[in-house]
Amino acid sequence: DAGVIQSPRHEVTEMGQEVTLRCKPISGHDYLFWYRQTMMRGLELLIYFNNNVPIDDSGMPEDRFSAKMPNASFSTLKIQPSEPRDSAVYFCASSPRQGWGTEAFFGQGTRLTVV
Amino acid sequence: TQLLEQSPQFLSIQEGENLTVYCNSSSVFSSLQWYRQEPGEGPVLLVTVVTGGEVKKLKRLTFQFGDARKDSSLHITAAQPGDTGLYLCAGRSSGNQFYFGTGTSLTVIP
């Protein structure tokens with residue numbers, strides 16, 4: 001398996017523009033997580049899905065952020081409009097079915113810079 | 001949000017030294033994991049501990065889960081430059097979220 005695939009790897013955009021980050025989870029994984037990582041706040045959970053259904057979006061910072069999972073093999077995180085404080089590395093992770101020993105498999109992340 | 005505090009935040013040591021990293025929380029977790037992250041990459045799982053008091057060893061790394069399942073420690077013996085990276089603890093809640101700690105950035109100097 002190729003692992004969790006995220007695109008793009010790097011994104012530079014101007015303030016006010018719409019940004020869409022993409023994720024392809026590992027096939028067969030029931031859970032998908034979106035995280036944001038910054039030096040100040042570490043790795044923050046934004047939202048997670050179970051079987052394509054959003055379960056907990058309490059970590060989404062503002063209404064400018066939205067996430068979708070139209071099918072089991074694809075998810076997007078959209079920021080509209082983007083602001084400089086959104087600059088961070090965004091990770092997508094997937095995990096197999098519920099189980100205490102299961103792990104989160106991470107993609108390589110998307111480094112977002114909003115200028 | 002279930003907060004996991006790690007200490008120290010930064011650690012720089014000489015090759016061959018021993019070190020311990022701590023992960024503490026006020027919450028009880030069903031399981032606790034340790035990940036290592038290298039620059040430009042996502043975190044990668046090192047170990048999962050499930051039972052209070054559990055100790056697991058992975059070569060020179062020893063992981064311990066507190067009796068109350070609220071804290072954990074990672075001990076590295078005879079650190080090597082290849083151990084350099086960001087170490088993250090993560091607690092999995094009953095709701096299946098993974099909550100990550102604040103991280104410990106380790107640098108091992110040759």
- Who passes ring pair (Phe, Tyr, Trp, His ring centres under 6.0 Å) against A/F33, sequence neighbours left out? A/Y48, B/F98
- Hey, what do you get for OH (B/Y35) to CZ (A/F106), rounding to the nearest 0.5 Å? 6.0 Å
- For the candidates B/P43, B/G103, B/G42, which exhibits the highest count of non-hydrogen atom pairs separated by less than 4.5 Å from chain A? B/P43
- Over 12 non-hydrogen atoms of neighbours within 6.0 angstrom of CD in B/Q9: no
- Task: Locate the shortest heavy-atom distance separating A/E103 from B/Q33; write the atom from each residue and the value.
- Result: CA-NE2, 3.6 Å
- Message: In this structure, would A/L112 and A/W34 fall into the same cluster of hydrophobic residues linked by side-chain contacts under 4.5 Å?
- Response: yes
- Determine, using the 4.5 Å side-chain heavy-atom cutoff (strictly less than), whether B/F63 and B/V44 are members of one ILVMFWY cluster. no
- Message: Once side chain to side chain donor-acceptor pair (under 3.5 Å) is applied, what residue pairs with a partner in residues 62-81 of chain B remain, sequence neighbours excluded?
- Response: B/T20-B/H75, B/W34-B/S72
- Measure across A/F91 and B/E41 and return the closest heavy-atom pair with its distance rounded to 0.1 Å. CZ-O, 3.6 Å
- Message: Quick check on A/R111 against chain B: is it the side chain, the backbone, both or neither that has a heavy atom closer than 4.5 Å?
- Response: neither
- Message: With a 4.5 angstrom heavy-atom cut-off, is it the side chain or the backbone of A/E44 that approaches chain B, or both, or neither?
- Response: neither
- Query: So which bits of residues 71-79 of chain A come within less than 4.5 Å of chain B, counting non-hydrogen atoms only?
  - Reply: none
- Query: Any chain of hydrophobic side-chain contacts (each under 4.5 Å) joining B/Y22 to B/F65?
  - Reply: no
- Note on the structure: Max heavy-atom pairs within cutoff under 4.5 Å with chain B, candidates A/G42, A/C92, A/A104, A/G59, goes to A/A104
- Task: Check whether A/I47 and B/F100 end up in the same hydrophobic cluster, where Ile, Leu, Val, Met, Phe, Trp and Tyr are linked by side-chain heavy atoms less than 4.5 Å apart.
- Result: no
- More than 12 heavy atoms of other residues, nucleotides or ligands under 6.0 Å from NZ of A/K68: is that the case? no
- Message: Counting heavy-atom pairs under 4.5 Å with chain B, which one of A/A93, A/S95, A/G107 comes out on top?
- Response: A/S95
- Query: Can you pull the ring pair (Phe, Tyr, Trp, His ring centres under 6.0 Å) pairs that have at least one residue in residues 3-29 of chain A, sequence neighbours excluded?
  - Reply: A/H29-A/F105
- Contacting moiety of A/L45, where chain B heavy atoms sit under 4.5 Å: side chain
- State whether the number of non-hydrogen atoms from other residues, nucleotides or ligands found under 6.0 Å of A/E62 atom CD is greater than 12. yes
